[in-house]
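First up is the structure itself, then whatever we jot down about it.
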Amino acid sequence: AEQGARRAQKAQTKQGGAPSSAPSLDALGGGDEPFSIRSDELEVSDNEGSRRMTFRGNVEAKRGDLRMTAARVEATYPEGSKRPSSLLAQGGVQVRQGEREARCREAEYHQSDDRIVCRGDAVLRDSGDELHGESIVFDLGQRTVQVDGGTEVALTPKSEGTGQGESSLLGDLPTQGPVRIRAEQLEAVEQEDGTRRIRFEGSVEVAQEDLTLRAREIDAFYPPGSRQPERLVAHGDVVVQQRGREARCDEAVYLRAERRVDCAGNASLSEGEDRVSGRSIAFDLAAEKLVVTGETRLVLAPRESEETATP
């Protein structure tokens with residue numbers, strides 16, 4: 001009889017109906033809005049008071065603007081509870097929220113912390129950019145995304161019809177080649193007013209052609225509705241290298257609209273044996289000039305004159 005009931009549940013689900021004897025998953029979720037799940041097949045089993053619901057074939061779980069698809073999803077109900085405590089999705093898992101999409105082999109949701117964790121060949125695509133890591137965590141309550149385990153980001157400059165490329169994540173930094181960012185961790189936060197912050201943490205390195213930026217931490221800030229950050233802020237042991245020149249400071253701020261980089265705190269710029277230092281150095285990228293302020297010091301290495309130079 002039990003096997004017959006399960007077969008009936010499967011048949012009803014294949015035809016688009018919901019099994020009347022099966023608990024509804026519309027109650028799942030730590031927030032105000034529940035999950036709803038659809039699939040080709042549904043199997044229900046009871047074991048010592050707990051209940052397990054297994055969805056198979058074209059499984060789709062939705063909650064607000066979040067959508068998760070997989071080949072198989074398993075929901076577990078603890079004893080005496082009408083709300084599942086967890087979901088386990090396996091096989092070609094995709095998780096989409098807004099413009100972000102994650103792919104992995106396995107994803108797990110726990111009601112207690114209201115988070116989805118993607119593991120196994122995890123890839124996150126955001127506005128056309130691609131991020132790789134060991135795991136990707138969607139915090140549904142805080143609306144944040146975190147990439148852990150040696151994050152690497154590949155950014156491809158995009159044409160805006162002006163003959164100049166632009167990266168959707170780093171704006172109009174030099175755009176003649178792809179940008180690669182390596183960090184130990186990435187976190188993306190979206191506020192209720194539409195502003196976004198993307199934070200790279202741990203031995204951060206940004207590389208594009210002959211330009212390299214290193215820092216302990218880099219934040220990118222986006223205004224509401226924009227795919228371009230209005231500013232980038234690098235913190236901790238900041239080093240910028242390009243064409244034999246090297247700038248160092250404690251904090252660097254890149255203002256995209258002004259095309260200006262402000263290095264503050266033990267700021268220095270060196271090229272060969274020449275060196276200039278001060279409390280801060282402002283680089284005007286459009287005018288190709290710099291301004292040094294506060295306890296300025298300039299050291300120029302001696303040059304050989306044409307008369308004394310060795311042929």
Side-chain angles (χ1 to χ4, degrees), residues 2-3 5-10 12-14 16-98 100-122 124 133-149 185 187-190:
E2 182 179 356
Q3 291 178 350
R6 290 180 182 176
R7 283 195 295 269
Q9 290 171 357
K10 292 182 182 181
Q12 287 178 310
T13 310
K14 284 181 177 180
S20 57
S21 60
S24 172
L25 276 188
D26 287 344
L28 176 61
D32 296 332
E33 192 166 7
F35 269 107
S36 62
I37 301 181
R38 303 174 67 91
S39 65
D40 293 339
E41 295 183 3
L42 169 61
E43 180 178 334
V44 181
S45 61
D46 295 319
N47 183 21
E48 297 181 357
S50 64
R51 171 163 289 186
R52 178 177 300 171
M53 300 177 66
T54 303
F55 299 83
R56 297 186 182 91
N58 300 311
V59 186
E60 179 185 69
K62 297 179 67 176
R63 172 176 158 182
D65 65 344
L66 184 136
R67 177 175 176 266
M68 180 170 67
T69 59
R72 179 181 184 274
V73 172
E74 183 179 287
T76 301
Y77 288 75
E79 184 175 1
S81 176
K82 294 183 179 181
R83 295 167 63 99
S85 58
S86 65
L87 290 176
L88 177 62
Q90 296 173 314
V93 180
Q94 297 183 37
V95 181
R96 177 183 288 273
Q97 187 175 42
R100 302 187 186 114
E101 180 185 79
R103 295 172 181 264
C104 56
R105 291 197 302 267
E106 179 179 285
E108 192 167 5
Y109 170 82
H110 288 280
Q111 182 188 356
S112 58
D113 54 16
D114 203 20
R115 300 194 311 169
I116 294 177
V117 181
C118 277
R119 299 185 182 90
D121 298 327
L124 176 66
E134 291 181 5
S135 65
I136 299 172
V137 181
F138 288 80
D139 190 319
L140 305 186
Q142 300 297 322
R143 291 189 63 85
T144 64
V145 178
Q146 182 172 305
V147 184
D148 295 322
Q185 187 178 85
E187 181 183 54
V189 180
E190 186 170 346

Review point. For A70 and Q90, which heavy atoms make the closest approach, and how far apart are they?
Key: CB-O, 3.7 Å
Practice item. Give the minimum heavy-atom separation between S39 and R56, together with the two atoms involved. Key: CB-O, 3.8 Å
Practice item. Look at R115 together with D139 and state whether they make a salt bridge at an N to O cut-off of under 4.0 Å. Key: no
Review point. Counting only heavy atoms not in D113, do more than 12 sit closer than 6.0 Å to its CG atom?
Key: yes
Practice item. Determine whether T144 and Q146 make a side-chain contact, defined as any pair of heavy atoms from C-beta on separated by less than 4.5 Å. Key: no
Check your understanding: Which heavy atom of A107 sits nearest a heavy atom of I116, and at what distance?
Key -> CB-CG2, 4.2 Å
**Study point:** Qualifying residue, where the test is side-chain contact (heavy atoms from CB on, under 4.5 Å) with F55 and the options are L42, D40, L87
**Key:** L42
**Study point:** Gap between atom CZ of R72 and atom CG of N58 - 0.5 Å precision
**Key:** 15.0 Å
Check your understanding: If you take all heavy atoms of A89 and V73, which pair is closest and at what distance?
Key -> CB-CG2, 3.9 Å
Review point. Can you tell me how far CE of M53 sits from CD of E74, rounded to the nearest 0.5 angstrom?
Key: 11.5 Å
Review point. What's the spacing between S36 OG and R67 CZ if we round to 0.5 Å?
Key: 11.0 Å
Point to revise | 4.5 Å side-chain heavy-atom contact, D148 and E134 | key: no
**Study point:** From CG (L140) to CD (Q111), nearest 0.5 Å
**Key:** 11.5 Å
Review point. Taking atom CZ of R105 and atom CG of D121, what is their separation to the nearest 0.5 Å?
Key: 4.5 Å
Check your understanding: Given side chains that start at C-beta, do those of Y109 and R63 come closer than 4.5 Å, heavy atoms only?
Key -> yes
Point to revise | Reference residue D46; test side-chain contact (heavy atoms from CB on, under 4.5 Å); the match among E79, R52, R51 | key: R51
**Study point:** Minimum side-chain heavy-atom gap E108-R119 below 4.5 Å
**Key:** yes
Review point. Can you tell me how far the CZ atom of R103 sits from the SG atom of C118, to the nearest 0.5 Å?
Key: 11.0 Å
